[in-house]
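Just so it is clear, the model here is predicted, and its values are computed rather than measured. Chain identifiers are assigned alphabetically (A, B, ...) following the order of the sequence lines, protein sequences preceding nucleic acid strands; residue numbering begins at 1 within each chain.
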4 protein chains.
Amino acid sequence: MCRWMAWSGQPITVDEMLFKPPHGLIDQSLHSRMGVETTNGDGFGLGWYGVGEGPGMYKSIQPAWGDANLRELASHIEAPMFIAHVRATTGTAIQETNCHPFRHGRWLMVHNGVIAGFHEMRRELMLEVAPELFADVQGSTDSEVLFYLALTYGLEHDPVDALERAIGLVEATAARHGIENAVQTSIGITNGESLWAFRYSTERKSRSLFMSADASAIRELHPENPRMQRLHDEDRIVVSEPNSDLPGVWEEIPESTVLIVQPGPDEKRSFNPRYEPAA
Amino acid sequence: MCRWMAWSGQPITVDEMLFKPPHGLIDQSLHSRMGVETTNGDGFGLGWYGVGEGPGMYKSIQPAWGDANLRELASHIEAPMFIAHVRATTGTAIQETNCHPFRHGRWLMVHNGVIAGFHEMRRELMLEVAPELFADVQGSTDSEVLFYLALTYGLEHDPVDALERAIGLVEATAARHGIENAVQTSIGITNGESLWAFRYSTERKSRSLFMSADASAIRELHPENPRMQRLHDEDRIVVSEPNSDLPGVWEEIPESTVLIVQPGPDEKRSFNPRYEPAA
Amino acid sequence: MCRWMAWSGQPITVDEMLFKPPHGLIDQSLHSRMGVETTNGDGFGLGWYGVGEGPGMYKSIQPAWGDANLRELASHIEAPMFIAHVRATTGTAIQETNCHPFRHGRWLMVHNGVIAGFHEMRRELMLEVAPELFADVQGSTDSEVLFYLALTYGLEHDPVDALERAIGLVEATAARHGIENAVQTSIGITNGESLWAFRYSTERKSRSLFMSADASAIRELHPENPRMQRLHDEDRIVVSEPNSDLPGVWEEIPESTVLIVQPGPDEKRSFNPRYEPAA
Amino acid sequence: MCRWMAWSGQPITVDEMLFKPPHGLIDQSLHSRMGVETTNGDGFGLGWYGVGEGPGMYKSIQPAWGDANLRELASHIEAPMFIAHVRATTGTAIQETNCHPFRHGRWLMVHNGVIAGFHEMRRELMLEVAPELFADVQGSTDSEVLFYLALTYGLEHDPVDALERAIGLVEATAARHGIENAVQTSIGITNGESLWAFRYSTERKSRSLFMSADASAIRELHPENPRMQRLHDEDRIVVSEPNSDLPGVWEEIPESTVLIVQPGPDEKRSFNPRYEPAA
């Protein structure tokens, strides 16, 4: 059910993260080790902040491992912040509008997980989306509805609060329907300057999510590794599963936690969904 | 803004209607003469009643003129009833779930036309869709919402009445929003046994729609034409624009009219949308 | 490196073989157990003998497991002979002209395997293709060149002899280049009436290939299994790997052997490639 | 039969040339005015020299006018040199390997036109391709074979001479086959630093090809036009047909002429194919 990764730091070409690491996202699209599905071949997406107004996106319904264009773009696009996602559908159509990231203005979101009983709740959840945003929903996934709920609750002003309310609403709706373990997520959100990485599930057994350790620690641990030596102090990688087996490079993000990658020290906060619908 | 055709009669291979006529639907995808757009290259779809349970469908986001699979299938699928559609998007995404026909059980619908101001009314129209059907909407087109409104109003029991209410609702909603000339349509609906072909627009200047003349008349008019001589008395073709320039073969379906092609004599009825929302 | 299956017998809908068995070809596209690659997601193809002139084909570069059209077609196409293939590319482009089956007149071929050093030998092998056939090669795979070599050597008259010469040529060419273990294959060929299933590799460790046991034996072994009870005496299935774990249903086709499925008793013959170029 | 454009000059985002001009290449893909076909919807390609090693490429088999990714990339990729092509196939498959530009190292080529009788001559022309390049031919178009012939004849050292020999070979081969008017072309070639634009046909009635006038003259002619005022003296645009109707902006490239856009003064030379096969 999907894998994703995000880069925040010095400008690098996208392939440094997607194709070159031994078990980077492209390898995970074919052979995920920690995902619910080993194959994530139902399309993919890439969002980046580089040249031009706002984030650029490239999406395709081809598997990421075989898409010739992705390989081209990854080696010819450079950015200080990008986010990529490989999809394993849980039933909704394989089409570009169902590929992540979803975008609104400068904001991007990717999601790995599932809303249980979404088909049953789709109408109710859609009705809670702000009327002026409703018609912008392009696809049919639970993930996109979650994004629009978060936008409705103020994602652009306070992403953590907005996600707490969005997920709280889903959990409350599910409870009314007698649906258990409603929400299973790892979520990445960015506006090009900061990056929020959420790990949460109703049953508190969430999808795997990792962050890279401090760059200085990594460089010290792996003096012989040129890739690791090139890391700058402000560089941070978030991944559904580690790109490599190198010891000391990856730290698991704890349950019910959001990591905030930002200029200056990064931050971890407890993540606590609550039910607070729009008035 | 799209072209479509339907065949009802003796079983024939699909290419007899799509590829072989001088100006069949595939030629119309590239060079429409009567459409608002000359090019209908934003995907296509085919639905047929043959082997297997219910109608089969083939949809693609490629232009119909260049799709190798369509050419294959058309010459290897035979059916007594089929309906095909080439799309020119009015803005919504090019994806298979936005290609016509739309299907519900044994029912298929294709649409050529547009709902003016759909983006503004999308939420209101979606809310009128029966709650138990809401989550089945797969794409983002005005056409599919119209189909689900008709299903809500009893399409499977009385297609004419259901379409009159569905279009009446759209017109009433548009009036509240100050949107003029809300509905522009030619619509084809079939359950595999009968075929309903609607021509209607709020401003009473509807998209072109034609039916073939009585087979006996056609045979008499064109004694030298082997294609025409093969027509049986129960064969009927409905097309957005004539497949050929042969005189006497095509009759325009009048404004605000529905043609019902059925076992026994076919029928033309006046089509009068009315506002009668679900209770 | 690909999986394939073929059906010969009573007319059935394609999904009876592709989708309904517990480990049918579609499941193998996602989770192959015996293949070199577990994932066969680089496109697929289906060829069948039904309505219309010669075999029909449907090919797509999407993974077979997620292609909505394949699911539709499989349940709405019926044929007494069909052959299907899921692809895992060994490097050549993912495009429909590289998907199997390849077709010439009434003949279809699918291939699972690889020609070692093909890039190095491509020109030499292409030069051996009959000049009048050369320009019909549409894609860039080793498999298609093998098909055209076999056509050059008389595939339409004696498929076994033609394949023995085609593979013998590849082995001889490889030997000149110092390439070891040149050919690794399991091949399916059909003209709609008979089916030839080859298992061969230069190193005599060939890709897996199985045939169904005699229908009468299967019915006796599994009296409680309705799917097995429906088998007729002339029904035969050939598969890269068994569709199920049922005991007694599947027999491995031996090394260096061709199985000929035909009206009347089927036949197994030793397969012995030899070098005999065109004069 | 295709349209193309190239930009050489100050770094700009690609959409400045593809989407923003009133009759830019994307509009030409849907409504060409001067092409043999009005619709160029059988795929497209873009090559640019920006970030990363060598030129990047994006190709798709979708029509350019409807490809969401092209719109994204065009507004998020900036380059001082790029070349784009929209395709109308003359019969060969619609697949990415048949989309232009073709690439070899730092070199890109696009082609608008056709080699008459190519199917008949394909084998002979392919045999003249340098053996070490033969296996790199990925698609099935006449255009790609022309590119490989030019590479065989030294494209990377002297593009004009190489094209003269490549086209001369085609003409000589066609003459032997009794094929008239063998070559119809407008060709664009670039290595990222210079751009060669060829206009030539055997019958001396070549496809249309235009270059922008000197930037200083354009600025003076259109003092009120902000787009024109932004042109620098070294900026040059080559197009199959003018992007706009502005007087004085476009100059036709003469018959049998190659325009060389380069640092310093650009140059026009007579183009004279000659038959001089490899030894």
_Residue C:E53 excluded, over 12 heavy atoms near CD under 6.0 Å_ = no
_Interatomic distance, C:E96 atom CD to B:Q62 atom CD [nearest 0.5 angstrom]_ = 8.0 Å
*asked:* My understanding is that only residues two or more places apart in sequence, or in another chain, count here; which of them pass salt bridge (Lys or Arg N to Asp or Glu O under 4.0 Å) with B:D266?
replied: B:R236
*Side chain, backbone, both or neither: which part of B:R71 has a heavy atom under 4.5 Å from chain C?*
neither
_chain C neighbours within residues 42-52 of chain B, where any heavy atom lies under 4.5 Å away_ = B:W48, B:V51, B:G52
*For the candidates C:A68, C:S75, C:G56, which exhibits the highest count of non-hydrogen atom pairs separated by less than 4.5 Å from chain B?*
C:G56
*Give, as side chain, backbone, both or neither, the part of B:T13 having an atom under 4.5 angstrom from any heavy atom of chain C.*
side chain
*asked:* Return the CE to CD distance between B:M57 and C:E72, rounded to the nearest 0.5 Å.
replied: 5.0 Å
